[in-house]
Amino acid sequence: MNFRDVEQLSAYLDGQLPPADAKRLEARLVEDADLHHALDELRTTRGVIRRLPLRRAPRSFVLRPSMRRLAAPVPIGFPVLRLASAGATFLFLITIGVNALVPLAVNRLPAAAAPGIGMGGGSGGGAESTAPAATDQALLAAAPTAGPESSAPAPDLQTQAQKNLPAAESPLARSAAPAVALTWQIALVGLAIASGLGAWYLRSSSDRKFRRRWVKK
Amino acid sequence: MDEGVLIANAQRGDLEAFNRLVLAHQDALFNAALRILGDEDLAADATQEAFLAAFRALHGFRGGSLRAWLMRTVTNACYDELRRRKRRPSGPLEPEGEDGEGVESPRWLADPELNPEQKAEAKELEHAIQHCLENLPLEFRTVVVMADLQGLDYTEVAAAVRIPLGTVKSRLARARLRLRECLQDFAELLPSAFRLESEPTT
């Protein structure tokens, strides 16, 4: 006999064993004297515990309006509104995180994918980008020394330097579109505030009614 | 009045309806707390806290046995009481009466009519059983109190103590084995019909 047998016997005693298991156990009980004895001992133990007298409560535990900790029942809609407010706030914070992290991740991609283009001293640059960066800087540095009579070539130099940067990957273009649109963020903030206010109103209104009815008596 | 009607009214803030439910269930809750905590003052505090919490959270009762639902509340209150006592022992809670005095009414004793000798024996037996209960780990004791003393079925015990059904079975079986061992030390106090081992024949 092992503990699993004792567990089964205990559950059988309480009528909590599934019918199929109970039937199997009954068949074993007929043949196994030790198992039968163990069941008798469990029955006796349970019987002794049940002899503990039922004590009457020493005093009345009714709730009185003057009790410090007495609070009105929570209105049924309150937990739902509170959960909605908390959920919306949490999602809003997630959107802030996403909008902050996604551009950082995107910014790193061009430096790793196309080292020849070069960013001219950016954090993602490496040894490969120093030569092209130097070329761009040389081109841009050459523009101011040309003098007023050569103003026409200056825009060409700048244009040429800018052409080295793919238009779609310019820093301005990357930061223009957040991952999560502002509309959604405003909606989440609105939902958080509205449901929070709704929860607060429900709760305070319920408390007010309760106090008006019971506490002033 | 029907319990369902009282519950519905109480959920709408009717204190009188809830107090009728308190009067119907306070003995059961007090006994559960007493057997779990082993101390009358602690049990009274836990019972009062349980009813306060139950009134506040009555929206969470979705039907079924109110007694089983209240047992969950008193179990939580008992655990909280034990945690509180460990942190900072303090005097018992007492509701304030409108006249500034406590609301204690004369003590009620539900012991049946016994002669003094029988009463003494019954008291000794009660102390012995309570001693063995208190020797159990708290989680085993709670399950025994709920199942064997309060008569909850395994599903209700699982809900009251917030443990899986399999854990209820296992803890109850282990608790009964330990109780059996402990009660053997008090065999002479047990009524003959409940002796745990047959007397040796000479």
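A note on names: the letters A, B, ... follow the listed sequences, proteins ahead of strands, and every chain is numbered from 1.
Residue contact with chain B, scored on non-hydrogen atoms closer than 4.5 Å, involves the side chain of A:F3 exclusively. Looking at B:V145, there are no atoms closer than 4.5 Å to chain A (heavy atoms on both sides), in backbone or side chain. For B:A43, no part lies under 4.5 angstrom from a heavy atom of chain A. Neither the backbone nor the side chain of B:A57 comes within less than 4.5 Å of any heavy atom of chain A. At a 4.5 Å heavy-atom cutoff, the contact between A:F210 and chain B is made by side-chain atoms alone. Of the atoms belonging to A:A71, heavy atoms from both backbone and side chain fall under 4.5 Å from chain B. In this structure, the portion of B:N31 lying under 4.5 Å from any heavy atom of chain A is its side chain and not its backbone. The parts of B:R174 that come within reach of chain A are both its backbone and its side chain, each placing non-hydrogen atoms under 4.5 angstrom from that chain. For a residue to count as touching a neighbouring chain, one of its non-hydrogen atoms must lie under 4.5 Å from one of that chain's; by this rule A:L9 does not touch chain B.
B:S170 has its side chain within reach of A:E7: a pair of non-hydrogen atoms, C-beta onward, lies under 4.5 Å apart.
Here the CG atom belonging to B:L133 is positioned 5.0 Å from the CD1 atom belonging to A:I49, to the nearest 0.5 angstrom. Between atom CG of residue B:L149 and atom CG of residue A:L54 there is a gap of 9.0 Å, rounded to the nearest 0.5 Å. In this structure, CZ on A:R55 lies 5.0 Å from CD on B:E40, to the nearest 0.5 angstrom. Within the model, atoms OH of B:Y154 and CG of A:D14 stand 3.5 Å from one another, a figure rounded to the nearest 0.5 Å. Summarising the geometry, atom OG belonging to A:S60 is positioned 5.0 Å from atom CD belonging to B:Q26; distances are rounded to the nearest 0.5 Å. Within the model, atoms CZ of B:R176 and CG of A:L42 stand 6.5 Å from one another, a figure rounded to the nearest 0.5 Å.
Seen from the ring of B:F30, A:R56 does not count as a face-on cation partner, given the 6.0 Å and 45° thresholds.
Between the side chain of B:Q48 and the backbone N or O of A:F61 there is at least one donor-acceptor pair closer than 3.5 Å.
Shown here for B:R56 and A:A72, the closest heavy-atom pair between the two residues is CG-O, 3.9 Å. Scanning both residues, B:A10 and A:P73, for their nearest heavy atoms gives O-CG, 3.6 Å. Nearest heavy atoms, B:A44 versus A:R59: O-NH2, 4.0 Å.
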Inset, instruction - Applying side-chain contact (heavy atoms from CB on, under 4.5 Å), run through A:K209 and B:R12 and close with a yes or a no. - result: CA-CA 10 Å; A:K209 281 184 202 163; B:R12 284 190 286 272; over 6 Å; no

Legend entry - Test side-chain contact (heavy atoms from CB on, under 4.5 Å) applied to A:R213 and B:D14, step by step: CA-CA 9 Å; A:R213 185 176 174 192; B:D14 187 342; 3.9 Å; yes

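Between chain A and the options B:L52, B:V22, B:L15, the largest number of non-hydrogen pairs under 4.5 Å is found for B:L15.
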